*Asks:* 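Please read through the structure below; I'll follow up with questions.
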Amino acid sequence: GAVVSQHPSWVICKSGTSVKIECRSLDFQATTMFWYRQFPKQSLMLMATSNEGSKATYEQGVEKDKFLINHASLTLSTLTVTSAHPEDSSFYICSASRGQTQETQYFGPGTRLLVL
Amino acid sequence: QKEVEQDPGPLSVPEGAIVSLNCTYSNSAFQYFMWYRQYSRKGPELLMYTYSSGNKEDGRFTAQVDKSSKYISLFIRDSQPSDSATYLCAFMDTGRRALTFGSGTRLQVQP
């Protein structure tokens, strides 16, 4: 149990276009979902936290108008990278938490984004 | 000072060796302590989590937490080539409800 999927697994796009990444909890209801970004040989950096039906909370330095997060249901959250630039190229990983205490997060397989 | 310090490695050991991975932290608010394993180009997989000082064992893995020294460890017994991955320590304080990760230690187990 506790499987999280992401789609697409990788995407290549032109600079200036927008890209949407989906994160789904397949066999549980996720009270909270998290979006991370990971650059090569670096650790995961939290971008934002989202609760179903409410606005996402963004970490300091993350542009909320550039990285749009929608958590429309207890099993789906989306991250849209708007007007993508080459510096947005990274590995984007979502995680989902099902418990009230949130001590356990289950991670998706990640989406590799390359902006040309 | 970084909030979490983790030796990036790489750490190379022969098959069957005992592996010791460590992290230190400075934030006293951290209440939950976790270890994740991440294979190349994959998402992290939770291995162990604990919230108290002491040892917790699960199969070949033992997590150790020393809150007084702000130091956590993960021991892997009888290491296997399939254990070759990057190991991330992670911390959470209940007030913030988000994970703070170490930079990861890359482990290679040689057959």
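Numbered from 1 within each chain, the chains take letters A, B, ... in sequence-line order. If you're wondering where the values come from, they're calculated on a predicted model, not measured in any experiment.
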*Asks:* Quick check on B:Lys42: does its NZ atom have over 12 non-hydrogen neighbours (other residues, nucleotides or ligands) under 6.0 Å away?
*Replies:*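 No, the 6.0 Å shell around NZ holds no more than 12 heavy atoms from other groups.
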*Asks:* Report yes or no: does A:Ser43 contribute a side-chain atom to a donor-acceptor pair with the main-chain N or O of B:Gly104 at less than 3.5 Å?
*Replies:*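 A pair under 3.5 Å: no.
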*Asks:* Find the one option among A:Thr57, A:Ile93, A:Leu44 whose heavy-atom pairs under 4.5 Å with chain B are most numerous.
*Replies:*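 If we count pairs closer than 4.5 Å to chain B, A:Leu44 comes out on top.
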*Asks:* Flag yes if more than 12 heavy atoms outside B:Tyr51 fall under 6.0 Å of its OH atom; otherwise flag no.
*Replies:*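 Check fails, neighbour count at 12 or below.
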*Asks:* Which heavy atom of A:Phe107 sits nearest to which heavy atom of B:Pro44, and what is that distance?
*Replies:* CB-O, 3.2 Å
*Asks:* Return the minimal non-hydrogen interatomic distance between B:Gln38 and A:Phe91, and the atom names on each side.
*Replies:*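 Minimum heavy-atom contact is NE2-CE2, 4.0 Å.
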*Asks:* So A:Tyr36 and B:Leu99, side-chain contact (heavy atoms from CB on, under 4.5 Å) or not? Walk me through it.
*Replies:* CA-CA 10 Å; A:Tyr36 294 82; B:Leu99 291 176; 3.4 Å; yes
*Asks:* What part of B:Arg106 is in contact with chain A, defined as an atom under 4.5 angstrom from a non-hydrogen atom: side chain, backbone, both or neither?
*Replies:* neither
*Asks:* Would you find more than 12 non-hydrogen atoms of other residues, nucleotides or ligands less than 6.0 Å from A:Lys20 atom NZ?
*Replies:* no
*Asks:* Under 4.5 Å from any heavy atom of chain B, what part of A:Gln6 do you find: side chain, backbone, both or neither?
*Replies:*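 Contact with chain B is absent: no heavy atom of A:Gln6 under 4.5 Å.
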*Asks:* Could you tell me the separation between the CD atom of A:Gln105 and the OH atom of B:Tyr36, rounded to the nearest 0.5 Å?
*Replies:*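 Rounded to the nearest 0.5 Å, the CD-OH separation comes out at 5.5 Å.
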*Asks:* Using non-hydrogen atoms and a 4.5 Å limit, figure out which bit of B:Gln31 sits close to chain A: side chain, backbone, both or neither.
*Replies:* neither
